[in-house]
Amino acid sequence: NSIKNTYGCEPSIYASKFIKLYYPKLKVINAGIDEIGEKFFNFFDILYLREVSPFRRGNLIVHKKLIKKMKKILRKNGIIVFEQILNKGKIDIFSNLKELNVNYKIYPSTPYFLLRNKILRNFILNNYGIFNSILNMLDHVFFHYLKKKTYYIVIKI
């Protein structure tokens, strides 16, 4: 809400129109990641991708191509944040991280039900370092057996 320059990138014209209905202040780039023009090179501080289709599959060549493009549109010291479901036994971005030769860390995501309460959400956001450590411990102890878990993959450029 406090960030003035927020962009969305959506290849579908119909989805872009739908997004604009709910987020009229959002600037929408009507293209796929690989189609973003030079106008946006060295432009963004953060790229956030949530369950983007090419990264839900294990095609290393496509991953390399898209991350190379994202590096071009990020400013120096920019970051890429993937919010992805880890599907045990499936080949996806998690499978290719080492081969991509990127500086990355993986964090478990905060369960949505915790963020719905305003007081708890503010506490989590104000103490995220501590909360993330606790979440990491809980992840290893309690969530180890879940087939699908959502994680953040943070790549520093």
Side-chain angles (χ1 to χ4, degrees), residues 1-86 92-94 96-97 99-136 139 148-157:
N1 291 331
S2 63
I3 298 173
K4 292 183 174 120
N5 292 317
T6 304
Y7 288 77
C9 180
E10 174 55 53
S12 165
I13 293 170
Y14 303 105
S16 295
K17 288 179 181 178
F18 183 78
I19 291 167
K20 290 298 276 179
L21 286 174
Y22 291 96
Y23 302 99
K25 293 182 182 179
L26 182 73
K27 297 168 186 132
V28 179
I29 301 168
N30 199 227
I33 295 167
D34 55 337
E35 301 167 327
I36 294 175
E38 289 184 27
K39 172 184 174 182
F40 294 104
F41 283 13
N42 196 32
F43 188 83
F44 297 102
D45 297 310
I46 299 169
L47 297 175
Y48 170 79
L49 297 91
R50 184 171 189 252
E51 287 293 317
V52 174
S53 295
F55 295 102
R56 292 185 1 219
R57 295 175 191 85
N59 190 328
L60 181 61
I61 294 168
V62 171
H63 293 178
K64 282 183 176 183
K65 176 185 165 191
L66 294 175
I67 288 177
K68 183 178 178 182
K69 178 65 175 216
M70 287 188 274
K71 285 180 177 181
K72 286 182 181 179
I73 63 176
L74 275 171
R75 290 183 179 156
K76 186 179 179 184
N77 299 322
I79 63 169
I80 302 169
V81 179
F82 291 93
E83 183 178 348
Q84 292 285 134
I85 292 175
L86 172 62
D92 56 16
I93 183 72
F94 291 98
N96 290 332
L97 284 168
E99 288 84 6
L100 289 170
N101 295 320
V102 291
N103 179 10
Y104 72 92
K105 289 192 177 184
I106 299 174
Y107 303 95
S109 66
T110 305
Y112 179 71
F113 69 88
L114 294 176
L115 298 174
R116 287 166 52 196
N117 179 295
K118 186 177 180 179
I119 294 169
L120 192 54
R121 179 176 59 239
N122 287 336
F123 174 78
I124 291 168
L125 294 176
N126 291 330
N127 301 286
Y128 192 74
I130 295 167
F131 183 76
N132 192 52
S133 298
I134 293 167
L135 199 57
N136 273 319
D139 181 63
K148 292 184 180 182
K149 296 186 285 186
T150 303
Y151 288 91
Y152 296 111
I153 302 169
V154 178
I155 297 175
K156 293 185 180 183
I157 302 301

_Measuring only between side-chain heavy atoms, which start at C-beta, is F55 closer than 4.5 Å to H63?_
yes
_L97 side chain reached by I106 side chain, heavy atoms, under 4.5 Å_ = yes
_L115 to R121 - nearest heavy-atom pair and separation_ = O-NH1, 2.8 Å
*Considering residues, nucleotides and ligands other than E38, do more than 12 of their heavy atoms fall under 6.0 Å from its CD?*
no
*Once you round to the nearest 0.5 Å, how far does CG of N122 lie from CG of N117?*
9.0 Å
*K17 atom NZ, over 12 foreign heavy atoms within 6.0 Å*: no
*asked:* Rounded to the nearest 0.5 Å, what separates atom CD1 in I153 from atom CD in E83?
replied: 10.5 Å
*Counting distance only, does the side-chain N/O of N30 pair as donor-acceptor with the main-chain N or O of E10 below 3.5 Å?*
yes
*Atom of I36, atom of C9 and distance for their closest heavy-atom approach*: CD1-SG, 3.9 Å
*Taking all atoms of both residues into account, what is the closest heavy-atom pair of Y128 and P108, and its distance?*
OH-O, 4.4 Å
*asked:* With a 4.5 Å cut-off on side-chain heavy atoms, are K69 and F41 touching?
replied: yes
*Verify the neighbour count for atom CD1 of I119: are there more than 12 heavy atoms of other residues, nucleotides or ligands below 6.0 Å?*
no
*Does the separation of the ring centres of F18 and Y22 fall below 6.0 angstrom?*
yes
_Donor-acceptor under 3.5 Å (N127 side chain, I130 main chain)_ = no
*NZ on K65 to CG on L60, rounded to 0.5 Å*: 13.5 Å
_Distance-minimising heavy-atom pair for F94 and I85_ = CE1-O, 3.7 Å
*asked:* Rounded to the nearest 0.5 Å, what separates atom CD1 in I46 from atom CG in L74?
replied: 9.0 Å
*Considering all heavy atoms, the nearest Y104-I155 contact*: CB-CG1, 4.0 Å
*Between V28 and K20, which heavy-atom pair has the shortest distance, and what is it?*
CG2-CD, 3.5 Å
*Working to the nearest 0.5 Å, report the span between CD1 of I67 and CZ of F82.*
4.5 Å
*How long is the gap from CG on N5 to CG on L26, to the nearest 0.5 Å?*
11.0 Å
*Could you tell me whether the side chain of I93 reaches within less than 4.5 Å of the side chain of L100, counting heavy atoms only?*
yes
*Report yes or no: does R75 contribute a side-chain atom to a donor-acceptor pair with the main-chain N or O of F43 at less than 3.5 Å?*
yes
_Looking at S109, is its backbone amide N or carbonyl O close enough to the side chain of T150 to form a donor-acceptor pair, meaning the two atoms are under 3.5 Å apart?_
no
*Would you say L49 and I33 make side-chain contact, with heavy atoms under 4.5 Å?*
yes
